[in-house]
Amino acid sequence: MAKPKTIIEKIWDQKVVHEETGKPDLIYIDFHLIHEVTSPQAFEGLRLTNRKVRRPDLTFATMDHNVPTINRDNVKDEISKKQMDTLQDNCKEFGVELADMFHPDQGIVHIIGPQLGLTQPGKTIVCGDSHTSTHGAFGAIAFGIGTSEVEHVFATQTLWQERPKTLNVKVEGELGYGVTAKDLILAIIAKYGVRMGNGHIVEYTGEAIRNMTMEERMTVCNMSIEAGARAGLISPDETTVEFLKGKRYAPKGEDFTKASEEWLALATDDGAEYDQTLTIDASQVEPQVTWGTNPGMGAPVSGRTPVIKEQEDQTGTKAALEYMGLEENVPMQDIQVDHIFIGSCTNARLPDLRSAANIVKGKKVKDNIKSAIIVPGSFLVKNQAEEEGLDQIFIDAGFEWRNAGCSACLGMNDDIIPPKGRCASTSNRNFEGRQGNEARTHLVSPEMAAATAIEGRFVDVRDYA
Amino acid sequence: MEAIQKHTGLVYPMKRDNVDTDQIIPKQFLKRIERTGFGQFLFYHWRFDNDGNKRKDFDMNDAKYDDASILIAGENFGCGSSREHAPWSLLDYGFRIIIAPSFADIFYNNSFKNGLVPIEISEAQVKEWQEEAETGQLTLTVDLMEKKITDQHGKKIDFEMPEYRRENIMNGWDDIALTLQLEDKISNYEKSAL
Ligand code: SF4
């Protein structure tokens, strides 16, 4: 019998266009997503060298990082506008399909790929954005690239990539009541650190992962990059197939049946070996809140901020607490919050909004909260949520209901957390200044963000009903 | 991209782990559609206060580092986003070499594509040179041909770097042109696999 293989090896082997000793492999790229921020210099490079986009049919563009979430008709920021206009012109010139700001398919790149069925198992997917790992939830090898590589994919539809090492993150047992996929991935990063996955592609396995919906799997894979991994994925199963059935760009009829068989066959074989394996017990995971300035600096909501040990200065506990305006050793639940952001490619899909709405229904955002915004991940998510009346629940509770985009996840548009403002955010990065200069970000699940909005401070969502 | 075989320069020590790309180049400066002109925004919120004045308590602002072209940092330098604006801003500011015990994958990759040389050496050696660099007088010579770094006292250490990357950066090759020499293979792959 052939040697058992991981899904990572199976996909990789199918994609090698050229190999040579002492060099990385040249691998084929099946799908390339682009957006306004990391593509202009790549298009410019093509123009300067008289090159074309080799496969515009495998390329899809949207606007997300910069777009306003209110008053779209009038983009006031001239430079943002120029960047978006440039994308429009470039897509036209090079024949790339674009879902612009007003298009019904518009949304955060990593939300629209899956929702259109463009993201499929077994594909290699790249985008000039590190959270491309999201698409790995479908059993695809999906990773972020820089602008030079964007240009390389434009011109050649390939990339030089070193065969990755494989890391199995095995999640045993079940997540408890009120504990979400977001808490799980934050707990994994808090436990194993922001360098856990350097040089590796992570496969998430185990019971808790198998029981997850596709949306939850996307949340987990999304944050692989925060654990330092090049990519993260999950072997396809019936849940994957069900999700893709009927999606616009998924195969149809008999083709779908055939494709599903191929997809399921990609799953990691029993007995396949990984370069490394780490395990985590899902039943031990509690709702998480980060206290510091990288996603590994987190604690269970029942916990406290860390105690500073002077020797570990370089890891930055002290500097992080200082930046965050927090004392050492204080209960997480004593921390008051000023801003709430529910959005981003990590947590702005329909089920995320449903769970948050469930918590705030019939309640009011606490007085000390200065802003509370809900930014759906895509136009489609927004429309679906509105059909279900979620928008009204949020508005009644005192939230603002916005249009789709990256928004306060990185604050490139006007959705910025002010200096020293403290935000409970469902996004993925709590770096210094990420949400705005001197802004203080605490990463949480949508449920936790919703409960925090109501209480004005962090609370254990499990006690909250 | 500019080829680089050997470089001698003054060292600026950044004694931090996990320096992320949001620090290297904050997002409000990602809106340009050119590759140039990012140096002024490098480490913006560390270098400047809210009124745009240089922060005295940030040592990179010290005149003794004005000519630095080698940065020595802690673990996992360049983690976070895939923005190539990070190497662009470091280069534009005047850095040619970044030395650290480890780098985040995408940053490492992006650097080579632009002729910014990331070099991994032991943490102990990083610490030793960081200490000395605080005088503002440490110069290092990085020789890519020999894969050696020498300090001004003659201390020499070896470093490793994937061969193909070393070759590319020493020659300043255009990756895409190299790949397009394999155009036939790409076409064949497309015919057979798709
Ligand atoms: S939502 Fe945030 S993390 Fe996701 S693509 Fe947009 S900016 Fe990046």
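Residue numbers begin at 1 in each chain, while the letters A, B, ... track the order of the sequences. Every value quoted in this text rests on a predicted model; they were computed, and no experiment measured them.
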Identify which part of [X] has an atom lying under 4.5 Å from any heavy atom of chain A, answering side chain, backbone, both or neither.
X        : answer
B/Ser187 : both
B/Arg32  : backbone
B/Asn109 : side chain
B/Tyr44  : neither
B/Ala86  : neither

Which atoms of [X] come close to chain B, meaning under 4.5 Å heavy atom to heavy atom: side chain ones, backbone ones, both, or neither?
X        : result
A/Pro24  : both
A/Thr147 : both
A/Gln41  : both
A/Ile79  : both
A/Asp77  : side chain
A/Glu162 : side chain
A/Glu36  : neither
A/Ile145 : backbone

Q) Can you tell me how far CZ of A/Arg163 sits from CD1 of A/Ile201, rounded to the nearest 0.5 angstrom? A) 10.0 Å
Q) In this structure, are over 12 heavy atoms from other groups packed under 6.0 Å from B/Glu2 atom CD? A)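 Atom CD in B/Glu2 is not crowded, with 12 or fewer foreign heavy atoms closer than 6.0 Å.
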(Q) Just so I understand: if I count every heavy-atom pair under 4.5 Å between each of B/Thr21, B/Asn110, B/Thr179 and chain A, which residue has the most? (A)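 Top count of heavy-atom pairs under 4.5 Å with chain A: B/Thr179.
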**Q.** Pairs of heavy atoms under 4.5 Å with chain A: top-ranked of B/Asp174, B/Leu182, B/Asn114
**A.**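 With the most close heavy-atom pairs to chain A, the winner is B/Leu182.
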Q. Under 30°, 30 to 60°, or over 60°: which ring-plane class applies to B/Tyr12 and B/Phe58, parallel, tilted or perpendicular?
A. perpendicular
Q | Student check: side-chain heavy atoms of B/Leu140 and B/Thr150 closer than 4.5 Å | A |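 With C-beta onward as the side chain, the pair stays apart.
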Q) Picking from B/Trp88, B/Phe41, B/Phe43, B/Phe48, what satisfies ring-ring contact (aromatic ring centres under 6.0 Å, His included) with B/Phe29? A) B/Phe41
